[in-house]
Amino acid sequence: MDKVLSGIRPTGFLHLGNYFGALRNFIKMQQENDCYFFIADYHSLTTHPTPTDLRSNVKNVLIDYLAAGLDPEKATIYIQSDLPEVCELSLLLSMNVYVGELQRVSSFKEKVRRQPNNVNAGLLSYPILMAADILVHRADKVPVGKDQEQHLEMTRDFAQRFNHIYGVDYFKLPVAYNFGQELVKIPGLDGSTKMSKSDNENSCVYLSDTPEVIKKKVMKAVTDSGPTEPNQPKPQAIENLFALMRAVSAPETVQFFEGEYNECRIRYGDMKKQLAADMTAFIAPIHERIMELRSNDEYLRKVIRNGAERAHASAAPTVRDVREIIGIKPL
Ligand code: TRP
């Protein structure tokens, strides 16, 4: 069975874009693989969250993932900072990583542009920590989006370099886990092509939103005055509404509104009401679980304690081996 690993940024509440992006695939992945999912709280320190925000973001992400169907019986779910082996491996790997190659990483350059007043060393060494996350479990596959491909490539470089320097065949080189065509891109309610919290909070529908909030957000979605000729291509904002509908509504519903649009009869108010209702129904079972989990700290603690134990069992032998290979041994 393949060992598959993924880090989850603790960004707080999850929205439908997250769900149809990675999350839904994680749920499928855990059936056929030995999966490790962890919340990357060390990584998130590079942006200096307050202790209160860090804590609640970690908790909310954990709750949303569990509620959506990550199963602690099937996958190992843990918090990065519960696995100290990662820090040690990261330190050991860093000795063979060059500052120049870190400075050339595009995510680093992007951060320098975005937060010029906080170019901390953690941002620079981010790819080393991420490589340690992966290599500490000697994972086979890592599901990565476009923005993380370079990091995975660096992980392979570091692994190969380690093998080369010490003349061993110790680390296997992790490859990308391919989702195939199953990544459904969810647009925002504000006319943007991607539902994203960093752009506009109101363009996102969260798994934890109440039906009232969902309705309010959807009714405010950007539209236009409607088509004037039959069978015209749709402007982006309208196409977005249809894309959202295709994700959560029955095919007949989508077909009905397609027909209305093509015959210039479309009433966006009706379409949005239907969309809000279908989103609410789609989210309902997840929403219910979220509410249950929020008041069940004992269960959450059990899940992460258990996860940390299993992660430790997987990671500890690696650090032991690496120390030995490097020459850190008892005198
Ligand atoms: N850098 C990843 C992100 O921003 C999160 C992450 C941290 C990760 N460590 C990882 C992903 C290891 C995959 C494997 O989304």
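Order of appearance sets the numbers: ligands from 1, and atoms from 1 within every ligand. All values derive from a computational prediction rather than experimental measurement.
When hydrophobic clusters are built by joining Ile, Leu, Val, Met, Phe, Trp and Tyr residues whose side-chain heavy atoms come closer than 4.5 Å, directly or via intermediates, Ile266 is grouped together with Val254.
A distance limit of 4.0 angstrom between heavy atoms and ligand 1 selects the residues Leu5, Gly7, Arg9, Phe38, Ala40, His43, Tyr126, Met130, Asp133, Ile134, Val142, Gln148.
Between Lys215 and Glu212 there is no salt bridge, since no side-chain N of the basic residue sits under 4.0 Å from a carboxylate O of the acidic one. A salt bridge links Arg9 to Asp147: at least one charged side-chain nitrogen sits closer than 4.0 Å to a carboxylate oxygen.
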Validation: residues 282-292 side-chain donor-acceptor distances under 3.5 Å, sequence neighbours left out:
| residue | atom | partner | partner atom | Å |
| --- | --- | --- | --- | --- |
| His287 | ND1 | Leu207 | O | 3.4 |
| His287 | ND1 | Asp209 | O | 3.2 |

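Atom CD in Gln115 sits 7.0 Å away from atom CG in Asn120 (nearest 0.5 Å).
Close placement of the His151 and Tyr126 rings is indicated, their centers lying within 6.0 Å of each other.
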